[in-house]
Each structure stands twice: as structure tokens, then as C-alpha cells.
Amino acid sequence: MEQQMTFSRYKNVNTFKGMIGITPNGVISFILELFTSSISDKVVFIRSKLMDRLEPNDIVMADKGFLIANELEKIGCASYIAQYS
């Protein structure tokens, strides 16, 4: 049962998810606890309470899997989704 909670169909291995906040000047601003990989990236973001720390017009840079634009728009912020090959 425990292995099922950490199995990632996307990566085909057992994984955990976490999140680290880094400021524009490279300082780590927070480290979130690890979650089982069965949780969505969006839920990890919401549980991080990062939105409580943001101010209007802030921009959050994230990986393409983080579908958080709607949540950020509600508080007057935006997202920049990294585009890499």
C-alpha cells in the first residue's frame, strides 16, 4: 500500500514531491515538507501557503506541470512557466 502512494505513473518509479521557494537573488525562502507523488502539483502549491506570502503583481516562476495561473490571478499575481526542451 505504501508503495502505491509514492508511485508516479509519469516517471514510472516511486517518488515524493516537495517545493522550495527561491527569491530572485537566490536566497531560499522556504522549504515545504515532502508529499507522496499521488498528490497533484497544484495541491502541493496550495498547501504550501505560498500565496499568503505574495503581494499584488508578484510573479511565480514554475515548471510547466504547475497549473496555478488561475489561483495566482485571483490574488493579482501572475505565473511564468519555464519553457525548455
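Values below: all heavy atoms of this structure, side chains included; hydrogens, waters and symmetry mates excluded.
- Side-chain atoms of K17 come within 3.5 Å of backbone atoms of I39 as a donor-acceptor pair (strictly under, hydrogens ignored).
- Here the closest non-hydrogen pair linking A62 and I68 is CB-CD1, 4.4 Å.
- Taking 4.5 Å as the limit, every side-chain heavy atom of I75 sits out of range of all side-chain heavy atoms of E71.
- Of the possible polar contacts, none joining the S79 side chain to the I81 backbone as a donor-acceptor pair under 3.5 Å is found.
- Taking Ile, Leu, Val, Met, Phe, Trp and Tyr as members and joining any whose side-chain heavy atoms lie under 4.5 Å apart, directly or through other members, the hydrophobic cluster of M61 also contains I59, Y80.
- The hydrophobic cluster containing I31, built from Ile/Leu/Val/Met/Phe/Trp/Tyr side-chain heavy atoms closer than 4.5 Å, also comprises I20, I22, I28.
- A heavy-atom distance below 4.5 Å is not found between the side chains of F45 and L32.
- When side chains are defined from C-beta on, D41 does not count as touching L67, because their heavy atoms never get closer than 4.5 Å.
- For S29, there are no side-chain hydrogen bond (donor to acceptor under 3.5 Å, both in side chains) partners two or more places apart in sequence or in a different chain.
- Note: D63 CG to M19 CE = 12.5 Å, rounded to the nearest 0.5 Å.
- Two residues are said to be in side-chain contact when any heavy atoms from C-beta on lie closer than 4.5 Å; K74 and M51 fail this criterion.
- We find the OG-CZ distance between S48 and R53 to be 8.0 Å, quoted to the nearest 0.5 Å.
- Within the 4.5 Å cutoff, no side-chain heavy atoms of K49 are placed close to those of F30.
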